[in-house]
Amino acid sequence: MTAPSAGGQRTRQPRPKAPARRDMPPIDRKARLRIPPHHVTKQLPAERVHNWDEVYYGYTPEPAMFEAQRCIQCPAEPCVAACPIGNDIPGALAQLELGRIAPAAAIFRATSEMPELCGRLCPQEQLCEGHCVVGKNAKPVAIGKLEAFVADWDRRQRGGFPVPAPSHASGGRVAVVGSGPAGLAVAEQMRRAGHDATVFEVWPSAGGVLRYGIPNFKSAKSIVDEKIESLREAGVEFRTGVRVGRDVSWDALRAFDAVFLAHGAGAGRRLRLPGEELMHVSSATDFLVRANLPPEDLPAGQREKPYVGRHVVVVGGGDTSMDCVRSAVRLGAEHVTLLYRRSENEMAGRVEERRHAREEGVHFEYLTTPVRLLGRDGAVRAVECVRMELGEPDESGRRRPSPIEGSNFVIDADAVVVAVGYSVDPELLGPESGVVVDDWGQIVVDPAGRTSQPGVFAGGDNVNGADLVVTALASAHQAVPAMLDYVAERIAERTPAAG
Ligand code: SF4
C-alpha cells in the first residue's frame with residue numbers, strides 16, 4: 001500500500017504512546033466475538049440518486065459503543081500496523097465503548113489532522129479493517145465509520161475542528177503549495193510550532209482534492225469548510241486562485257524559510273483515441289468539479305453543470321470512475337455505463353463503491369475497451385468498443401488484457417468521461433523551480449521529504465502519484481520533522497547570539 005516514493009522508502013513517524021486502558025473491564029474475547037455487528041444506516045438507492053447528500057447517515061452513540069465492543073483488544077494490533085498514519089485504533093475504541101467519545105476523538109486526532117475524512121474515505125478493507133482479527137471469521141470492526149463518528153461528534157460539540165493555536169510566534173515563515181490533505185497537514189503542523197504558514201492554491205477555494213476531487217455523496221464539503229476555517233482561525237493564510245510561476249514567483253517562494261510542495265496529481269490522463277476532441281467528452285476532473293461544486297468555487301469557464309444527455313459512458317476502473325458514474329446518475333442520465341478493460345477481480349477501487357454504483361443503476365461492461373469515439377455535428381454520439389481477454393500478469397501483477405479480434409460493438413453515448421488515471425501537472429511546478437522530478441513528473445524526495453532544492457520539501461500525490469488521502473497525510477508527516485529542523489536553523493541563523 002505504501003509504495004516507496006520516487007526518492008526514498010516510506011517510514012512511519014513513531015506514534016504517541018497509547019493511553020492506559022486500565023479502566024476497561026477485563027476482556028472476554030470469546031464473548032466479544034459473539035457480539036453481532038452494529039451496522040450504520042444509509043440512504044436507500046432510490047432516494048439517494050435524487051440528491052448529493054452523503055450516502056451514510058453515520059453512527060449514533062449507542063450503536064457505536066456496541067460496535068466498539070467488538071474490538072477484542074488483541075495485543076498484536078495489526079489494524080494499527082496497517083493504518084498508514086498509525087492511528088491507535090484499539091486505544092480509541094477502548095474509550096468509545098465506555099462512552100468516552102471526546103477522549104476517543106482525541107486519540108484519533110493525535111495522529112491525524114482529519115479523522116472525519118479518513119474515516120469516510122480510506123479503503124478500510126485494504127487497510128485497518130482488512131487486518132482486523134475479528135474479520136477472520138466475521139465482519140471486521142467498522143473502524144472507519146467509528147472513527148468518522150467520534151470525530152464528527154467531537155467537532156459538533158466544539159463547534160468545529162480544534163484550532164491548532166500556537167503557544168508562541170517563532171518568527172519562522174513557511175510556504176505551502178497546494179491545499180489538499182498533505183498541504184493542510186503541513187500548514188497545521190507548522191502553525192502549531194509557531195511558524196507563519198501561507199498556503200497557495202490554484203483553485204478558487206482551498207481544500208485541493210478534498211474539495212475538488214471527492215464528490216459530496218462521499219464526504220460533505222462542510223467538513224472541508226470547517227477544516228479550512230479552523231486553520232484560518234489559527235492564523236494560516238490562504239491565497240487562492242494563485243498559480244506558482246504565474247502569480248507568485250519562485251523567488252518569492254524562496255524568501256520563505258521553507259517551502260512544502262503539495263500540489264497533488266490532478267492532470268487527467270487521456271485515452272489518445274480518435275474522436276476524443278468531440279464535444280461532451282471530458283476528463284474526470286472537469287466532470288466531477290462541475291458536477292459537484294457551486295459556481296463560486298469554480299474558475300470562469302468551468303461553471304456550467306456538465307452535459308449528460310440520456311446515455312453516459314465512463315471509461316476507467318478505479319474509484320474516480322465510480323465517482324463519475326454516480327455523479328452522472330445524479331445529474332439525470334438515464335443509462336450510465338462503465339467500460340473497464342479487465343474483469344472485476346483486477347479492479348483497483350473499493351468493493352463498496354462498486355456496490356453503491358450498481359445499486360444506483362450503473363451498468364458495468366467488463367473486459368471492454370473503447371477504440372474510437374463517434375460523433376455527429378461535432379458532439380460525441382457513440383463509443384466503438386472491443387471485447388478483451390486476459391493473458392499473463394503484467395508488471396503491475398494484474399493479468400494483461402488483449403483485444404478479441406472481430407468483437408467490436410457500439411454503445412450510444414451523449415457524453416463520455418475519461419477516468420483512466422491522473423499524473424502530476426508539470427505546469428504547476430515550472431522549470432524555474434529547479435526541483436528534480438522523475439520520468440513521470442513526480443518529485444524526487446529523500447525519506448524525510450527533502451527535494452533536490454535546499455529548503456524545499458514535498459509530499460503527497462506529487463511525490464507518490466495519485467493515491468489516498470491517508471497516504472498523503474502519511475507523506476506529509478514524514479516531511480514535518482525535517483522541515484521543522486530546517487526552519488529552526490534558518491531562525492537561529494538570523495537571531496543574534498546572546499552576550
Ligand atoms: Fe483505518 Fe484510514 Fe482510519 Fe487508519 S486512517 S484507522 S486506515 S480508516
Side-chain angles (χ1 to χ4, degrees), residues 1-3 10-16 18-19 37 39-40 54-56 58-59 64 67-68 70-74 76-97 101 103-135 139-155 161 180-182 184-185 188-189 209-210 214 218-219 223-224 227 319 348-353 459-461 464 467-478:
M1 191 67 247
T2 53
R10 177 172 288 172
T11 53
R12 179 179 299 148
Q13 298 304 311
R15 72 178 160 92
H39 298 288
V40 70
E54 287 189 0
V55 168
Y56 286 102
Y59 274 117
E67 181 64 15
R70 295 183 64 236
C71 174
I72 59 171
Q73 298 287 326
C74 55
E77 300 186 344
C79 56
V80 179
C83 170
I85 50 177
N87 280 344
D88 176 10
I89 299 158
L93 300 193
Q95 297 294 335
L96 174 57
E97 72 165 76
I101 307 176
I107 292 172
F108 281 120
R109 292 200 194 285
T111 41
S112 175
E113 290 81 1
M114 47 193 78
E116 35 283 272
L117 292 169
C118 292
R120 284 169 167 81
L121 301 170
C122 279
Q124 286 98 10
E125 68 280 7
Q126 296 162 33
L127 302 174
C128 52
E129 293 177 21
H131 292 75
C132 171
V133 171
V134 177
K139 214 172 156 12
V141 178
I143 297 166
K145 292 195 171 52
L146 292 177
E147 179 181 3
F149 161 71
V150 296
D152 286 345
W153 184 94
D154 176 62
R155 233 176 47 257
F161 277 82
L184 294 183
E188 177 165 337
Q189 297 307 328
V209 72
L210 301 171
I214 295 163
K218 282 166 68 172
S219 81
I223 304 173
V224 184
K227 183 73 206 174
D319 281 343
R350 302 189 68 179
V351 174
E352 176 183 83
E353 293 301 311
D461 289 359
N464 302 312
D467 207 342
L468 309 170
V469 167
V470 72
T471 50
L473 291 183
S475 176
H477 294 174
Q478 226 172 305

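Both ligands and their constituent atoms are indexed starting at 1 by order of listing.
The contact set between ligand 1 and Gln124, taken as ligand atoms under 4.0 Å from a residue heavy atom, comprises 8 (S). Within ligand 1, counting atoms from 1 as listed, the ones closer than 4.0 Å to a heavy atom of Val470 are 5 (S). For ligand 1, the atoms lying closer than 4.0 Å to a non-hydrogen atom of Ile89 are 6 (S). Shown in contact with Leu127 at under 4.0 Å from a heavy atom are these atoms of ligand 1, numbered in order with element: 7 (S). Interface atoms of ligand 1 facing Cys118, defined by a heavy-atom separation under 4.0 Å, are 5 (S), 8 (S).
Taking 2.8 Å as the threshold, Cys128 counts as a candidate ligand of atom 1 (Fe) of ligand 1, since one of its N, O or S atoms lies below it. Here Cys122 meets the criterion, with an N, O or S atom under 2.8 Å of atom 2 (Fe) of ligand 1.
Nearest non-hydrogen protein atom to atom 3 (Fe) of ligand 1 is Glu147 OE1, 2.1 Å. Among protein heavy atoms, atom 4 (Fe) of ligand 1 sits closest to Cys83 SG, 2.3 Å. Here the protein heavy atom with the shortest distance to atom 5 (S) of ligand 1 is Asn87 ND2, 3.4 Å.
Counting only distance, with no hydrogens or angles, the side chain of Glu147 and the backbone of Phe108 share no donor-acceptor pair below 3.5 Å. Side-chain atoms of Gln73 come within 3.5 Å of backbone N or O of Pro90 as a donor-acceptor pair. Asp461 contributes a side-chain N or O that, together with a main-chain N or O of Asp467, makes up a donor-acceptor pair within less than 3.5 Å. Not a single donor-acceptor pair under 3.5 Å links the side chain of Ser475 to the backbone N or O of Gly459. Side-chain N or O atoms of Asp319 include one that pairs as donor or acceptor with a backbone N or O of Arg350 at under 3.5 Å.
Rounding to the nearest 0.5 angstrom, the gap separating the CD atom in Glu77 from the CG atom in Asn87 is 11.5 Å.
Between Gln124 and Glu352, the side chains place no donor N or O within less than 3.5 Å of an acceptor N or O (distance only, hydrogens not considered).
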